[in-house]
Amino acid sequence: MFHLVICRNYDEVSSEAFKVMKGVLDQKKDAVLGLATGSSPVGLYKKMIADHKASGRSYRDVSTWNLDEYVGLGKEDEQSYYTFMHENLFDAIDIKEENTHIENGLAADPDAEAKRYEAELKKVTVDLQVLGIGSDGHIAFNEPGTPFDAETHVTDLTEQTISDNARFFDGDKSKVPTRALTQGLATVMRARKIVLIATGANKADAVYDMLKGPLTTDCPASILQKHNDVTVIVDEAAGARLR
Ligand code: F6R
């Protein structure tokens, strides 16, 4: 079941997403959060940091599980999602490093690493999963064609995703890793509550297909039609086809 919020701008999108986050954190000081990287959640993370500074809300008992990591990039790498999370959220709040989890992009055996991560994730229930959506309809790095029952796995990124993400790699597609470790669609669907953020005209088709299209692996995000608690927060450009 979708709850749809259409906002005027990115700041409003981030505030609406923070309202959902705050609702969960207010209820449970040891909340389990599922987190995403990329541009979409950065404003939400800024609001979480501002709230932490202003209200003193503590993340000492909170734990986090990230969606994905590039194969081949490690903690030391500027472009790893490990580094992204530290720069955009973790270093500015009082979360404990040992309570933050992300796949190891440098694992010698990425398939075994995927299995290990999934097994760990099965021991917890994510209270709130934060998602973005790819212009090709992916959530986490579940690219079109990924089966709905997929768990954490290694995937090849599509040409579309590689060109979309080149902006983080000096605009150079050849620098973007071609493989990632990612939670599967079945993994994501286990979360109690989901908030999905999408902004910009290049997301309009994916947002439409997710909400109004058929349930099909051509649009991996359409699986969310089967979840009973999803809030989708978009700006007018990303929501343009919904009017
Ligand atoms: C990131 C992730 C991806 C992104 C998606 C949108 O952890 O899993 O699914 O959410 O590619 O990326 P942005 O927000 O950069 O447009």
Side-chain angles (χ1 to χ4, degrees), residues 7 10-11 13-14 17 33-46 64-71 73 77 79-90 100-105 114 117 121 126 128-146 150-169 171 173 176-189 191 194-207 209-210 217 219-224 230-235 237-239:
C7 300
Y10 183 58
D11 189 55
V13 165
S14 304
L33 303 179
L35 298 179
T37 56
S39 307
S40 304
V42 169
L44 163 65
Y45 298 157
K46 287 204 169 101
T64 64
W65 294 82
N66 264 82
L67 289 170
D68 36 28
E69 179 60 282
Y70 289 117
V71 170
L73 301 195
D77 202 295
Q79 298 305 338
S80 72
Y81 284 164
Y82 174 92
T83 301
F84 178 99
M85 287 312 303
H86 280 265
E87 287 179 349
N88 287 284
L89 183 63
F90 297 157
T100 67
H101 306 85
I102 187 159
E103 296 95 330
N104 175 9
Y117 198 68
L121 257 169
V126 170
L128 177 64
Q129 176 66 56
V130 176
L131 293 178
I133 183 170
S135 62
D136 63 2
H138 71 222
I139 49 174
F141 277 136
N142 292 277
E143 298 286 25
T146 308
E151 297 192 324
T152 305
H153 61 284
V154 179
T155 186
D156 291 324
L157 300 177
T158 58
E159 270 304 306
Q160 181 67 57
T161 299
I162 290 171
S163 38
D164 286 351
N165 288 2
R167 68 189 193 284
F168 295 112
F169 293 83
K173 282 203 288 185
V176 183
T178 57
R179 292 197 306 156
L181 279 146
T182 180
Q183 287 187 32
L185 294 167
T187 322
V188 170
M189 287 293 281
I194 294 177
V195 60
L196 183 144
I197 300 166
T199 59
N202 67 323
K203 302 290 175 72
D205 288 341
V207 166
D209 290 344
M210 162 177 69
T217 57
C219 175
S222 66
I223 186 69
L224 298 177
V230 185
T231 304
V232 174
I233 307 175
V234 298
D235 66 357

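Ligands are counted one by one from 1 in listed order, and the atoms in each one are counted from 1 as well.
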Centroid-centroid distance, Tyr70 to Phe168, less than 6.0 Å = no
Residue pair Asn88 / Tyr45: nearest heavy atoms and the distance that separates them = O-CB, 3.4 Å
task = Identify, by atom number and element, the atoms of ligand 1 in contact range of Arg167, meaning under 4.0 Å from any of its heavy atoms.
result = 13 (P), 15 (O), 16 (O)
request  = Please identify which atoms of ligand 1 are closer than 4.0 Å to at least one heavy atom of Leu67.
outcome  = 8 (O)
ask   = Looking at Gly38, which atoms of ligand 1 are within less than 4.0 Å of one of its heavy atoms?
value = 14 (O), 15 (O)
Protein heavy-atom partner closest to atom 6 (C) of ligand 1 - residue, atom, separation in Å = Ile133 O, 3.4 Å
query = Which pair of non-hydrogen atoms, one from Gln183 and one from Asn66, has the smallest distance, and what is that distance?
reply = NE2-O, 3.0 Å
query = Where do Thr161 and Glu143 land on the side chain to side chain donor-acceptor pair (under 3.5 Å) test, with the steps shown first?
reply = CA-CA 9 Å; Thr161 299; Glu143 298 286 25; 2.6 Å; yes
key: Residue, atom name and distance, where the atom is the protein heavy atom closest to atom 16 (O) of ligand 1   = Lys203 NZ, 2.7 Å
request  = Taking all non-hydrogen atoms of both residues into account, name the closest pair between Lys203 and Ala198 and its distance.
outcome  = CB-CB, 4.3 Å
query = Looking only at heavy atoms, what is the nearest atom pair of Asn142 and Leu185, with distance?
reply = OD1-N, 3.4 Å
request  = Around atom 9 (O) of ligand 1, find the nearest protein heavy atom and jot down its residue, atom name and distance.
outcome  = Ala140 O, 2.7 Å
request  = Could you check atom 7 (O) of ligand 1 against the protein and tell me its nearest heavy-atom contact, residue, atom and distance included?
outcome  = Asp68 OD1, 2.7 Å
ask   = So which protein heavy atom does atom 1 (C) of ligand 1 come closest to, and at what separation?
value = Thr37 OG1, 3.2 Å
inquiry  = Among all the protein's non-hydrogen atoms, which is closest to atom 10 (O) of ligand 1, and how far away is it?
reply    = Gly132 CA, 3.3 Å
inquiry  = Looking only at protein heavy atoms, which one is nearest to atom 11 (O) of ligand 1, and what is the separation?
reply    = His138 NE2, 2.7 Å
key: Considering all heavy atoms, the nearest Gly200-Ala237 contact   = C-CB, 3.8 Å
ask   = By number and element, which atoms of ligand 1 are closer than 4.0 Å to a non-hydrogen atom of Ser39?
value = 13 (P), 14 (O), 15 (O)
query = To which protein heavy atom is atom 14 (O) of ligand 1 closest, and what is the distance rounded to 0.1 Å?
reply = Ser40 OG, 2.5 Å
request  = Check each of Ile194, Leu35, Leu33 against Leu128 using the side chain to side chain contact (heavy atoms under 4.5 Å, CB included) test, and report the only one that passes.
outcome  = Leu33
